[in-house]
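Report on the following structure.
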Amino acid sequence: MTNMMRDTQTMAQSRDENLGYMSDMALELAQMAEDSGLATLAYLFRMAALEASTADSMHPERDDHSREITSH
């Protein structure tokens, strides 16, 4: 059982790192798009960054207190 818990924690950490990376990259792309005068594309990349940064709270298999804080 301990190995399963460790594997789950490792997978969650890997997922968190990947989501963080995606969020960072989307923000960099948003800045590049804005610098190029592409406001709509910049907006879409910012929304992608927001989605990636909040995706962790959307995983139902996560057993922590983050779900208890939501108002709905």
Side-chain angles (χ1 to χ4, degrees):
M1 191 75 156
T2 307
N3 283 339
M4 186 187 308
M5 290 177 61
R6 189 177 319 125
D7 290 346
T8 301
Q9 289 175 339
T10 301
M11 287 175 19
Q13 181 180 358
S14 177
R15 183 186 63 227
D16 292 347
E17 289 172 1
N18 287 337
L19 289 170
Y21 176 77
M22 287 189 289
S23 180
D24 291 345
M25 288 299 101
L27 287 174
E28 285 187 35
L29 290 168
Q31 187 61 52
M32 290 169 57
E34 190 168 311
D35 292 346
S36 299
L38 302 169
T40 302
L41 187 59
Y43 173 80
L44 292 174
F45 279 124
R46 282 195 179 83
M47 291 300 103
L50 178 62
E51 191 74 24
S53 69
T54 59
D56 186 41
S57 64
M58 303 298 281
H59 289 282
E61 73 270 7
R62 191 91 191 248
D63 191 24
D64 60 14
H65 299 291
S66 65
R67 286 180 277 143
E68 295 176 356
I69 297 172
T70 60
S71 62
H72 45 279

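- To the nearest 0.5 Å, atom CE of residue Met22 and atom CD of residue Glu51 are 10.0 Å apart.
- To the nearest 0.5 angstrom, Phe45 atom CZ is 12.0 Å from Thr40 atom OG1.
- Residues Leu38 and Leu29 share a hydrophobic cluster, clusters being chains of Ile/Leu/Val/Met/Phe/Trp/Tyr side chains in contact below 4.5 Å.
- Criterion: ILVMFWY side-chain heavy atoms under 4.5 Å apart, direct or through other members. Under it, Met32 and Leu41 are part of a common hydrophobic cluster.
- In this structure, Met47 CE and Leu50 CG are separated by 5.5 Å, a value rounded to the nearest 0.5 Å.
- In this structure, Ser53 OG and Asp24 CG are separated by 10.0 Å, a value rounded to the nearest 0.5 Å.
- Atoms CZ and CG, on Arg6 and Asn3 in that order, are 5.0 Å from each other to the nearest 0.5 Å.
- Grouped by direct or indirect side-chain proximity (heavy atoms under 4.5 Å, Ile/Leu/Val/Met/Phe/Trp/Tyr only), Leu27 sits alone.
- Distance check, rounded to the nearest 0.5 Å: OG of Ser36 to CD of Gln31 gives 9.5 Å.
- Nearest approach of Ala42 to Ala33, heavy atoms of both residues: N-CB, 3.7 Å.
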